[in-house]
Amino acid sequence: MSKTKYNVAVAGATGAVGAAMLDVLERRNFPIAELRLLASERSIGKKLKFRDQEIAVQLLSKDSFKDIDVALFSAGASRSLDFAPAAAEAGAVVVDNSSAYRMDPEIPLVVPEVNPHAIGQYTKRGIIANPNCSTIQMLLPLKPIYDKVGIKRIVVSTYQAVSGSGTPAIEELKNQVMAYAGGNELVHQVYPHQIAFNCLPHIDSFLDNGYTKEEMKMVNETRKIFEDTTIGVTATTVRVPVVYGHSESVNIETREKITAAEVKDLMKDAPGVLLVDNPAECQYPLAVDCAGKFETMVGRIREDESIANGINLWVVADNILKGAALNAVQIAEVLIEKYI
Ligand code: NAP
Ligand code: 3JM
């Protein structure tokens, strides 16, 4: 640490992820001198609470970043494209939560427990990308397995919470549940279909290969973070009527044999991972238990009896915390500890 306190900007401070950023900065006691809160015209003058202060929200513009050391962005991909370069130009290091820069070869894509060494590459463009929520929580438990026995292929299906689509989606689910209970018509705007009492195999837009962008984020980001272009990944991403917490069924084929007991042992020491795996007592990771928690929960670990070297895992994390705000703040912590 070269300074004792840092000037931090949060772009998208009024959103679901922005609010979690403030919460995480406070909970982890990030050393802040000035906190600058930025959002759209709609929020100018609105006040947000941080520690014992009330801070007024300012308009996000190219001039917002004078004297800022770290800029945390979660205002959507097009705002990141429009304003992150200006923030970097002004001398801030940007940690971007959107998909805008993730696959740019000059921009590091980082999960601090998995590839912290990549953070040093921020010097190229002044921007570090935060991976997609579903990728982050999958790679935490896979990292120690990858290091020990190698991973050839991953087959993942996700069960993703509506909070990943922002505050309006949470309202849509709640309104539909109330309408259903009252015998009224279910109205949808955020999603193309009813989300209450339903599962939508459709997150982000469809591509020519039949996959969604969300599915291809998991494929491409995994390869970039593991620095392994040979790893096979296939994903099906599904929106489910859960408010907080993404769940994932992860099936892997390893290069060498590993037993379920050995995987459980690895999980006990894996950074950021909490092993919850006692089926006899009905204990396994649940979305309703992960809300507000920093750990990624892993359970239902068992051998895939259909192939020689296969393992199944059930992985659950708070998509707004480890999937977005916490991971971004952890990157900022490494930055101030080692680099700025
Ligand atoms: P949200 O609740 O809808 O909040 C959106 C935020 O962006 C609000 O603060 C909003 O400000 C701001 N914003 C929108 N348009 C703007 C503009 N033209 N100029 C300045 N600010 C603008 O969404 P969210 O769930 O927090 O997600 C925000 C972004 O974070 C997403 O679009 C995505 O890129 C990223 N994200 C990443 C992950 C991940 O997996 N890493 C997960 C979720 C989200 P107002 O309140 O003033 O409108
Ligand atoms: C999660 O501006 C946008 O369209 C953002 C949409 C979005 C993203 C994204 O693509 O950045 C919403 C929720 C993500 C993400 O993490 O990839």
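Small disclaimer: the values here were computed from a predicted structure and weren't measured. Ligands are counted one by one from 1 in listed order, and the atoms in each one are counted from 1 as well.
- Using a 4.0 Å cut-off between a side-chain N of Lys or Arg and a carboxylate O of Asp or Glu, Arg125 and Glu89 do not qualify as a salt bridge.
- Geometric assessment of Arg36 against the ring of Phe65 yields a negative cation-pi assignment under the 6.0 Å and 45° thresholds.
- For Ala77, a nitrogen or oxygen atom sits less than 3.5 Å from a nitrogen or oxygen atom of ligand 2, counting backbone and side chain alike.
- For atom 18 (N) of ligand 1, the closest non-hydrogen atom on the protein side is Arg79 CD, 3.4 Å.
- Heavy atoms of Lys217 found under 4.0 angstrom from ligand 2 belong exclusively to the side chain.
- Contacts of Thr167 with ligand 1, taken as heavy-atom pairs under 4.0 Å, involve both backbone and side chain.
- Considering backbone and side-chain atoms alike, Ala16 places an N or O below 3.5 Å from some N or O of ligand 1.
- The side chain of Arg102, and not its backbone, has at least one atom closer than 4.0 Å to an atom of ligand 2 (non-hydrogen atoms only; side chain from C-beta on).
- At a threshold of 4.0 Å, the pair Arg102-Glu221 counts as salt-bridged, since one of the basic side-chain nitrogens sits closer than that to a carboxylate oxygen.
- From the protein, the heavy atom lying nearest to atom 1 (C) of ligand 2 is Gly164 O, 4.3 Å.
- Arg239 forms no cation-pi arrangement with Tyr159, by the criterion of a distance under 6.0 Å to the ring centre and an angle within 45° of the ring axis.
- Side chains of Asp304 and Asn312: a donor-acceptor N/O pair is absent below 3.5 angstrom, by distance only.
- Using a 4.0 Å cut-off between charged side-chain N and carboxylate O, Asp69 and Lys3 make a salt bridge.
- Here atom 6 (C) of ligand 1 lies nearest to Ser74 when heavy atoms of Ser74, Gly18, Ala13 are compared.
- Nearest protein neighbour of atom 23 (O) of ligand 1, counting heavy atoms only, is Gly166 CA, 3.9 Å.
- The structure places NZ of Lys264 at 6.5 Å from CD1 of Ile301, a figure rounded to the nearest 0.5 Å.
- By the definition of a contact as any protein heavy atom under 4.0 Å away, atom 9 (C) of ligand 2 is in contact.
- Looking from atom 35 (C) of ligand 1 to the surrounding protein, the closest heavy atom is Asn97 O, 3.7 Å.
- Heavy-atom separations between Gln160 and ligand 1 are all 4.0 Å or longer.
- Glu215 and Thr236 form no side-chain donor-acceptor contact under 3.5 Å, judged by distance and modelled atom types alone.
- The single protein non-hydrogen atom nearest to atom 40 (O) of ligand 1 is Cys133 N, 2.6 Å, given as residue, atom name and distance.
- For the pair Glu26 and Arg51, the salt-bridge criterion is not met [side-chain N within less than 4.0 Å of a carboxylate O].
- For atom 42 (C) of ligand 1, the closest non-hydrogen atom of the protein is Ala324 CB, 4.0 Å.
- Considering only non-hydrogen atoms, atom 24 (P) of ligand 1 lies nearest to Val17 out of Val17, Leu60, Thr14.
- Using a cutoff of 4.0 Å between basic side-chain nitrogens and carboxylate oxygens, Arg79 and Asp82 are not scored as salt-bridged.
- Shown in contact with Ser98 at under 4.0 Å from a heavy atom are these atoms of ligand 2, numbered in order with element: 11 (O).
- For atom 4 (O) of ligand 2, no protein heavy-atom neighbour is present inside the 4.0 Å cut-off.
- Using 4.0 Å as the threshold, Pro131 has a heavy atom nearer than that to some atom of ligand 1.
- In this structure the side chain of Val298 never reaches within 4.5 angstrom of the side chain of Asp277, judged on heavy atoms.
- For atom 11 (O) of ligand 2, the nearest protein heavy atom (residue, atom name, distance) is Ser99 N, 2.8 Å.
- Taking 4.5 Å as the limit, some side-chain heavy atom of Tyr191 sits within range of a side-chain heavy atom of Val162.
- Looking at Glu54 and Lys49, no side-chain N of the basic residue comes within less than 4.0 Å of a carboxylate O on the acidic one, giving no salt bridge.
- Of all protein heavy atoms, the one closest to atom 32 (O) of ligand 1 is Gly76 CA, 3.2 Å.
- In terms of N/O distances under 3.5 Å, ligand 1 is approached by Gly12.
- Here the protein heavy atom with the shortest distance to atom 4 (O) of ligand 1 is Gly15 CA, 3.2 Å.
- When hydrogens are left out, the protein atom nearest atom 7 (O) of ligand 1 is Ala75 CA, 3.3 Å; that is the closest non-hydrogen contact.
- The pair Glu303-Lys257 meets the salt-bridge criterion, with a side-chain N (NZ, NE, NH1 or NH2) lying under 4.0 Å from an Asp/Glu carboxylate O.
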